[in-house]
Protein chains: 2
Amino acid sequence: MPALQGARERARAEVTSAIKEEARRRLAEEGAAKLSLRAVARELGMVSSALYRYFPSRDDLLTALIIDAYNSLGEAAERARTTAPAGHPVARWLAVCRAIRAWARAHPHEYALIYGSPVPGYQAPQDTTAPASRTALALLAVLQEAGEEGLLAEPPASAPAVAQDVERLLERLDIELSVSATAAFAAAWAQLFGLVSFELFGQYDGVIEARDEFFDQAAAGLARAIGLRVHDAPAA
Amino acid sequence: MPALQGARERARAEVTSAIKEEARRRLAEEGAAKLSLRAVARELGMVSSALYRYFPSRDDLLTALIIDAYNSLGEAAERARTTAPAGHPVARWLAVCRAIRAWARAHPHEYALIYGSPVPGYQAPQDTTAPASRTALALLAVLQEAGEEGLLAEPPASAPAVAQDVERLLERLDIELSVSATAAFAAAWAQLFGLVSFELFGQYDGVIEARDEFFDQAAAGLARAIGLRVHDAPAA
DNA sequence: TCAAAAGCAAGAGCAGTGCTCTCGTTTTTG
DNA sequence: CAAAAACGAGAGCACTGCTCTTGCTTTTGA
């Protein structure tokens, strides 16, 4: 697979990314529901039928945007983890959580695209699962580090069926982590996005206004639920 | 305000609910994105322009469906609370949580309509806030009972800004509950719907398959995070 | 080298959408 | 019982996703 061999392939790649760029711009302005292929084509100075050479349907364009959004969020999460000061794992956990929330607030429509109601058919295409897991893996990496440092307490044991799911998952991902901690994480993972979604989708309007402080203490609570402990703070 | 005084008003009410009924049917089948006024009118044997006498726009129809969905879910939550055996508050908490999840699984598109990405403009109309709070109030009622029974431990204290929000909320709702417990609940509330959304929107596909057991233990974890304790189970 | 094949932009066109306006008809109101 | 309001039907506008055909350009392979 040569890198952009012919002039035609290069042109195609450029047009493809120009379409995605313009679509992302319109998505950010008006939301996924109002994203129209014709408007994108019009803005790019091409006729609408030409766009179908690059994306066979509107849903395919949306799927491409979904994948990009997952990757963008995953990248932000990974960056937050690696650039966070190597202090307590709890601090790194909080840093990644904050990065996720910050990304969501900066890209509300893209966030809605990936964590709101599934817009196309009903189930996400297979191509989206890998990018979608990046964010979760960044969070899991924090836990793994904490486990290696011995800063991970053991949460309550899981039901056998859940434990089986989690064991299969740990094996597939090749991760060293206790079953109960991973099960607790799977819950915290969804709960974290519940917090972000509620804030972004207006469920907290008129209820909680101190958003930053509230999120921070909720994220700290999630860390506690998973078993993350600050080892030199025995008092509470 | 007389109850359905003239024949015309009665007819109007009937047509209005027939429209909503048909719209709900199509919503359940194809989702909000594909819900079309014309199709609803066609199915009802009326011409599309006539429908505008009852709902001034598509978004208004959707808003009506949103309000109905909030009420339907809220009713399910309230019913679960009141019909649950008067055992431990933790059991009542779990019963309400289960009822919420069951409703969501039974009405996925309606759930997506209210807890997925906001479909119309961007912010929910004012009329939706009251029905939207019913579900949260049902959960809060469980906590209040637990507090009266002395089965509510004190979660970690909140940041001052959050405490202020919560105090204002408690005053407005006229509820007797500690500030820290209410703050913890506000987080658990969003986290609960995060769990449901992840399951419904396919985020758990291939990850967690033992959905019932997983949800139950996650909901129990939320109860723990709020401070709900089973008083005659001191061991852990 | 040069014809065949493939990729491409453009346009016309189809079925469908939300929404508006007009025009008779019916029902309610004062 | 006349004026006013509400209503259903139809035509029409601007828009959408998508398909098909028509020429042109680039790439391919013998």
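Here is how names work: the chains are called A, B, and so on, in the same order as the sequence lines, proteins then strands, and each is numbered from 1. Only heavy atoms go into these numbers, but all of them, side chains included; no hydrogens, no water, no symmetry mates.
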Classify the side chain of B:Arg38 versus the base of C:dG18 as yes if they form a donor-acceptor pair under 3.5 Å and no if they do not.
yes
May I ask you to decide if B:Ala186's main-chain N or O and A:Tyr204's side chain share a donor-acceptor pair within less than 3.5 Å?
yes
Between the side chains of B:Tyr111 and A:Ser117, does any donor sit under 3.5 Å from an acceptor?
no
Strictly by modelled atom types, are B:Ser57 and B:Asp60 linked by a side-chain donor-acceptor pair under 3.5 Å?
yes
For a quick check of understanding: with a heavy-atom distance under 4.0 Å over all strands, which category does B:Ser48 fall into, base, sugar-phosphate or nothing?
base
Indicate, with a heavy-atom threshold strictly under 4.0 Å, whether A:Leu35 touches base, sugar-phosphate, or nothing.
sugar-phosphate
Length of the line joining [X]:[atom1] and [N]:[atom2], which is rounded to integer Å:
| X | N | atom1 | atom2 | answer |
| --- | --- | --- | --- | --- |
| A:Glu9 | D:dT27 | CD | P | 9 Å |
| A:Arg58 | D:dT19 | CZ | C1' | 18 Å |
| B:Leu37 | C:dG18 | CG | P | 5 Å |

Residues, nucleotides or ligands: over 12 heavy atoms within 6.0 Å of A:Gln164 CD
no
Result for 5'-nearest mapping on DNA chain D, choosing between A:Arg42 and A:Pro56, is A:Arg42
Where protein sits on nucleotides 3-9 of chain D, one letter per nucleotide: B base, S sugar-phosphate only, - none, heavy atoms under 4.0 Å
---BBBB
